[in-house]
Amino acid sequence: MAIFLQVVLDGLLNGMLYALITVGLSLIWGVMDVINFAHGEFLMVAMYVTYWLGFLMNVDPLISWIASAAFVFILSVIVYKLVISPLIGKPPLSALLATFGLSMLIKNICLNRFSPNFKLLSDTYLGGRVIPMGDLILPLPQLVIAIVSLIVITCIYRFMTRSRTGWAIQATAMDRDAAELMGIDTSKIYALVFGIGGACVGIAGGLLPMYMPVHPEAGSLFSLIAFVCVALGGFGSIVGSLLAAILVGLVEALVGFYVAPIFKYVAVFGLYLIVILIRPKGLFGW
Amino acid sequence: MSKRWGRVIASIIVIALLAGFAVSGVACAEEKVIKIGTLFPLTGPVALAGQRCKAAVEAAVEVINNSYPDIPVPLADQEGILDGYKIVLIHADHQGKPDVGKSEAERLFDQEGVFAIIGSYNSAVTKPASMVAERRKRIFMCGASSSAELTKRGTRYFFRIAPTDETESIEFVNFIKWLNETEGTNYKTFGVIYENTEFGKHAAQEAKKAIEEAGFEYVADVAFNPGATNLNSEVQMLKGKNPDVVFGACLGADYILWIKTMKQLSWLPKVSLNYCSGYQDPLIAQQLGGDGDYFMGTTGYSPELAELMPAVAPVEEIYKSKIDPPVPFDSDSIQEAVAMLVLAQAIEKVGSLDTEKIVDALYANEWDSPLSLGGKVAFAPGGQNIKAMSTITQLIGGEYRRVFPEEFANAEPVVPMPSWDQRK
Amino acid sequence: MTDFALEVRDLYAGYEGVPVLHGISFEVKEGEIVAIVGANGAGKTTTLRTVSGLLRPKSGFVKFYGEDVTGLPAHVMVRKGLTYVPEGRRIFGKLSVKENLELGAFKEESGEVVEQRLEWVYSLFPILKERINQKAETMSGGEQQMLAIARGLMSAPKVILLDELSLGLQPSLVEKVLQIVTEIRRYGVTVLLVEQRVLEALEIADKGYVIQSGRVVMSGSSKDLLESEEIKRAYLGM
Amino acid sequence: MALLEVRNLIKKFGSLVANNDVSFDVEEGAIVGLIGPNGAGKTTLFNCISGVYKPTSGKVFYEGTDITGWPPHKVARLGAVRTFQVVRPLIDMTVFDNILVGAFLKTSKLEVASEIAESCLKMCHLDDHRDKKAGSLTIGLKKRLELARAMATQPRLLMLDEVMAGLTGTELKEAVDVIKDIKSRGITLLVVEHIMEAIMPIADKVVVLDSGVKIAEGPPSEVVQDERVIAAYLGEKFSKRLREMKA
Amino acid sequence: MWYGVLLLIAVLPLIPGPLQSPFAQHVLVLTLLFACMSQAWNILGGYCGQVSFGHSVFFGIGAYGAGMAVVTYGLTPWPGAIIGALLAAIVSLIISYPCFRLKGHYFAIATFAIVEIFNRLFMVWYWVGGALGLDYPIIEEGWKNFMWFQTKTQYYYGAFGLFILIFSFVRWMEANKLGYYLKAVRDGQEAAEALGVNSTAVKLTAIAISAFLAALCGAFFVQYNLRVDPPMVMSLDMSMRFVLITILGGLGTFWGPLLGAAILIPLQEYSRAMWGGLGGGVDLIIFGILIVLIVTRQPKGVMGFINLLTTRFKATKGGDD
């Protein structure tokens, strides 16, 4: 029983991390109908920012994630201006292709600049700390990420539903021209959404180096899982991505432990196929 | 109308493309050079290892081409080989992909006209790439690929320096036997955690064979996907089966994650022995800090072995200048340097660039190799270096202490590993 | 110079290299209802899209109360007081009626002002008040059209551009919707109307422009146009 | 026996009843008009007949065959072909290729299909636009294309969903001529239309729907004077104008 | 005139000179192979409008078919290729059952998931070699075993045969009912159905043919590389290449896949030959920049660019409008 609970706990915590990565992707996807293939690379860039801040200036990830998020926010806005904005309204595949090229570019620039070495911040404040709870072990770094994830997602949800800008984003997602006619500067909205999407993954990437090593390929699998979570939850649905990500985390942990670790991603992708068979637009898609 | 234009332009592009080939194959001027190709994963998931291997070969070539009378390595005291021939390296990148490896090997031979190839780290790439050489009757020197199968293919032109995962597995098991005899431990249950790739799977297979042959119990077989986002269920599984001894075949980032996860779940085997790079990478050891301590693994070379191999230090200096950040040799990269040196010695000995004679010479002689543990290299049919040796070391305080076999040992192994809460 | 609320000169515009407008010129005086009529594909909607800023013109200029606003994006035009109610309604289907209306007043920060405007449009369209919390997409076509107009009015425009109000509406509703247009004018809003129903449009307009293949081919007071033989033959099917 | 018989057709979307117990016949060789206010359920009815939706209950018979719930392509193969209210040109294909797709229904040979397509192209006056991408056409032309495409399938029953909406006077006249031409070829027509001026003179029978219920059926001249139809649909002013037009 | 071009290409490698260079021939073989593969993808993705990222599965099944015939059963690759291709077609039909119900991005992600599932299952399925892969033994070279070690000329002709097969099939398809139906389903499924097109049947036909041809290409690929393992053939990376090439050349156009391959493959091979050895990933950086540039400049692919040129050319020639 204790093991079962531990496995569930691990899955839950990982799911929250996936949620934080997913929500940004989902936002971009839902509002702009753009598949950002370079999402994983944004994560990796954020991890590098945190790493270098920690390595060169001794800033703990607990603080430097803010810088990472800000950095990726700016990077995203620049990417939007240079790469995405010319492709808005063009065939949807072209944005996918462009971001694929971008992901290749970012990955190899990092390889070129930072070498392929694995980089790990060896002593972070929370690194390796755990809270023992009877038979259960609660790893602190993951817990912090999960809490941050919940806070961020709640904030975004409230922002999207309560604030004027959030409204404007929703309106833009539904009908860009009509939104423009309401006096909403939709190209600014797009840039903002792309930036927020980047910032979310930036936060995740900023916190990850507490226990994950950084290297140019670090984002690859995360982005793949994020894609599945987005589609599983339904594009653009914030609640959907949260629940889908948690579900993915749980399935991954349970199958990994009770079946075999090697099958955990098979199960995750299989889960997506099964869900999509029943609900072709994901759990919360419209 | 537009369809016709499509055709015209399509054909123009095709023709332009073909014309492009005309200017491509510009050959180097014939000087007194011997071209050797290197084929490593310079980009992609294992780029780190590939770049180190490349630098190691470069260091070896530096030693061969220039006169370093102070370095006690064959060919160091003279300039070049064959009376002034210099070795020129042509580097190629296979990205960790077998198909790319094969075509790059072909390109090196056919286009660049290299005399031999040194490569290519990933066993999965070495296999098809070395077949290219075999079919062209050219030499393929392999430093670090560890799959035992490579040297069981009945090839003639393929030579491998490093010990195989087969010999390493047997050594691991012998070490445990030795522990049980001398330290009074009673380790019986074994587990293997490995990345599910060519490398990991091979290692696991050999491990299983060795463990079962020795009459031990093989209780946990944990494969995972490389580049994992977490290893929680993997470690949970190990924890559940609780083997006394765990063999690990995890590369770089996964190795770090594995140890971090074990720490979080506060579990450790009594002994952990590791194949290949994660454990051996001195940078990783440094980054893991105290968490990496007490793990063991095979080591073909590490700075702590320098006292056994005095010739390494000056070569290592050259190597460090070629890699950023400067790190010491590790067990993989140094084997590539050895491969280069042995090949050069064979060429020098034969006195000409006759591949057949060089191959015969490679099989027939025992080569001095101050960069190898044991100091000698000799090849059995199939190309395996039968003098390949490695020690089992234990990492304590950032230092690789030699614990087995006894003739190399400089420290007593600390077993069982102190649990996480006993460490500071 | 500021006689005209809207003055358009020699407008050229098109989509992806396909020119649609070949030099459109017209003007609208404050407080007028002006109708632009013409056949399918004549460039009526393109004209409105260009004037409202959704489409950049290739050349020519648009003056709004004497100020050159050529090529300004639509959201800036809204702030200046020119609102476009697009063809096909384009309401936010997933949002409620009230939310749609509030979005219409997006540029207005003060809640009080928004409330006042809501009252105003409810008085114009009592049916909308009954449906405050209904999702917009569940309303009938006529109600959606009213919502679209109301939403446009929420920005308190000086000039409102109305595109094909009658499209897809049953005859009885066409009558009603066009009636509302004349009511809007009474609040001092200048109206530029695009219609395919030439007869109905000219009946309520002060002035009309007939466009064909991206050019103005005829213009004049509605009365003159309605009596013109050419119009009767070409557009009224008489 | 009528060519198409709709019997007690009910279609619900959740709690919303789009068609409630609708029955009517389309006689062979006739033009039947289907009119009603927006949201009266005309298009839903169309979709139920052509197989896009499955009716909740009720039956649809075509030549006596029960085709209720058949997929659209099977219905089309029987010879009952429809157009769409919101035009659906195959945008990246040329006008001619669009029509060709329809023509392939009755033949697999390119030559034969081309001949059929060619004649439909002429019939709908699209010759000048033969090689244009369908997506680049104006609405009016797209509607004509829709018609030509449907005609290329050589149907027996043609169901037109607002092909005349958005046309100007002259265009309307042309369209009416085309429809008359189609009728003269012995093809039965079921027409949903808003433009009363156009439908009234040519229809043999009009069926009026309101809120999913059939409220009137009969020759146009009678229906125009029906109080319920005036209240629900035409409006006083328009009804008067129509009657004047007739007179 | 395009027959002339084909003839030219066919004869060229025979002319002594630069094209005898094995590397040039290698680039040609790869270009043709990827043109074929992308054309196979184009049948479903371009003509029928179902953008699949799952084609490396079919490619892989074909590769494994040939590979297992030679390595596991000691046969010639030919029966393996045929069985593999048929199997790929069957698998494609099974896969498409759930997937064709999905629209747009949901379909794309579902095909993503399928590649990953197949990849991971093949990694642990040791009957087909698992993570270890299948390595070809040294056997007799020639057409019987479809392998050559010294020269690439025969591979070139093999690829050329495949090219003729696939491209002429697509040419035939374009001018026939199937081609029109595919495009009709792409441009408007409902409209097509109203015209009597059984869209499900059309899509299934498209994916089965597409998978069959893709598997043949896979079989060629494995014969060319003489090794197969899952990451090599059944990966998202591989799928992306087919999509990339086709879109770059022009989605749903006949020449697009060839154009895309003729640009991308030599670019990739030459840039790696030139800069790959530097180890800084310079070739991939340049590759990435080029993709971004090309796509942002001309999202409709090279064919879009050509069409633009043609219209301009016609306009300057003073033709009427």
Side-chain angles (χ1 to χ4, degrees), chain B residues 1-11 13-15 17-18 20-25 38 40 42-43 47 50-51 54 90-100 102-104 106-107 109-111 124 127-128 131-132 134-136 147 149 153-154 196-198 200-202 205 223 225, chain E residues 1-2 4-5 8-9 12 17-19 21-24 26-28 30-31 120 123-124 130-133 135-138 149-150 152 221 224-227 229 231-232 253-255 258-259 262-263 266 269-270 272-273 276-281 283-284 302-303 306-307 309-311 313-314:
Chain B
M1 182 66 188
S2 79
K3 269 188 182 166
R4 206 172 67 85
W5 263 93
R7 272 177 222 152
V8 171
I9 300 203
S11 39
I13 289 186
V14 170
I15 291 166
L17 180 70
L18 297 177
F21 296 123
V23 285
S24 57
T38 74
F40 293 113
L42 304 179
T43 56
Q51 300 207 350
K54 171 180 167 247
I90 312 273
H91 300 293
D93 171 22
H94 65 61
Q95 303 171 352
K97 297 176 185 165
D99 50 325
V100 177
K102 179 185 179 260
S103 61
E104 285 293 275
E106 285 170 347
R107 183 176 66 83
F109 281 127
D110 301 336
Q111 192 78 11
K127 277 183 190 170
M131 283 316 231
V132 169
E134 191 69 19
R135 282 164 187 140
R136 280 172 177 65
S147 163
E149 231 169 71
R153 297 178 296 175
N196 192 39
T197 59
E198 157 106 32
K201 185 67 195 177
H202 255 299
Q205 278 179 348
N225 300 297
Chain E
M1 93 150 238
W2 66 285
V5 175
L8 191 71
I9 306 175
L12 271 172
L19 280 173
S21 139
F23 185 64
H26 160 76
V27 176
L28 268 182
L30 272 198
T31 304
R120 281 157 214 274
M123 282 298 272
V124 291
L132 301 180
D135 277 287
Y136 277 47
I138 295 185
F149 311 131
Q150 295 299 338
K152 297 211 176 284
F221 186 75
Y224 189 64
N225 286 307
L226 303 176
R227 174 186 163 79
D229 63 30
M232 230 173 117
T253 61
F254 179 72
W255 291 109
L258 179 63
L259 278 175
I263 293 167
E269 295 297 307
Y270 281 110
R272 194 178 61 231
L278 297 178
D283 52 329
L284 298 176
V302 181
M303 280 308 283
I306 289 173
N307 288 337
L309 277 184
T310 337
T311 18
F313 180 73
K314 272 197 248 171

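Per chain, numbering begins at 1; letters A, B, ... match sequence-line order.
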Exercise. Taking B:His202, B:His94, B:Gln205, B:Lys97 one by one, which has the highest count of heavy-atom pairs under 4.5 Å against chain E?
Worked result: B:His202

For this session: Evaluate the side-chain contact (heavy atoms from CB on, under 4.5 Å) criterion for residues B:Lys201 and E:Met123: first the C-alpha distance (whole Å), next the side-chain angles of each, then the deciding distance (0.1 Å), finally the verdict.
Result: CA-CA 10 Å; B:Lys201 185 67 195 177; E:Met123 282 298 272; over 6 Å; no

Seminar exercise, completed: Whatever's closer than 4.5 Å to a heavy atom in chain E on B:Ala124 counts as both

Seminar exercise, completed: Ranked by heavy-atom pairs below 4.5 Å to chain E, first place among B:Ala92, B:Ser147, B:Pro98 goes to B:Pro98

Problem set entry | Which residues share a side-chain contact (heavy atoms from CB on, under 4.5 Å) with B:Asp93, sequence neighbours left out | B:Leu42, B:Thr43, B:Gln95

Exercise. What's the shortest heavy-atom distance between E:Phe149 and B:Arg136, and which atoms?
Worked result: O-NH1, 3.2 Å

Seminar exercise, completed: Most heavy-atom pairs under 4.5 Å with chain B, out of E:Ile138, E:Asp229, E:Val124, belong to E:Ile138

For this session: Mind checking side-chain contact (heavy atoms from CB on, under 4.5 Å) for E:Glu269 and listing every partner two or more places apart, or none if nothing turns up?
Result: B:Ser103, E:Phe23, E:His26, E:Val27, E:Leu30, E:Ile265, E:Arg272

Problem set entry | Leading residue by heavy atom contact count with chain E [cutoff under 4.5 Å; candidates B:Glu134, B:Glu149, B:His91, B:Arg153] | B:His91

Exercise. Would you say the side chain of B:Met131 lies within less than 4.5 Å of the side chain of E:Leu226, judging by non-hydrogen atoms?
Worked result: no

Exercise. Distance-only, no hydrogens or angles: does the B:Asn196 side chain make a donor-acceptor pair with backbone N or O of E:Ala131 under 3.5 Å?
Worked result: no

For this session: Determine, for E:Tyr136 and B:Lys127, whether the Lys NZ or Arg CZ falls below 6.0 Å from the six-membered ring centre while staying within 45 degrees of the axis.
Result: no

Exercise. With a 4.5 Å heavy-atom cut-off, do E:Asn225 and B:Pro128 have their side chains touching?
Worked result: no

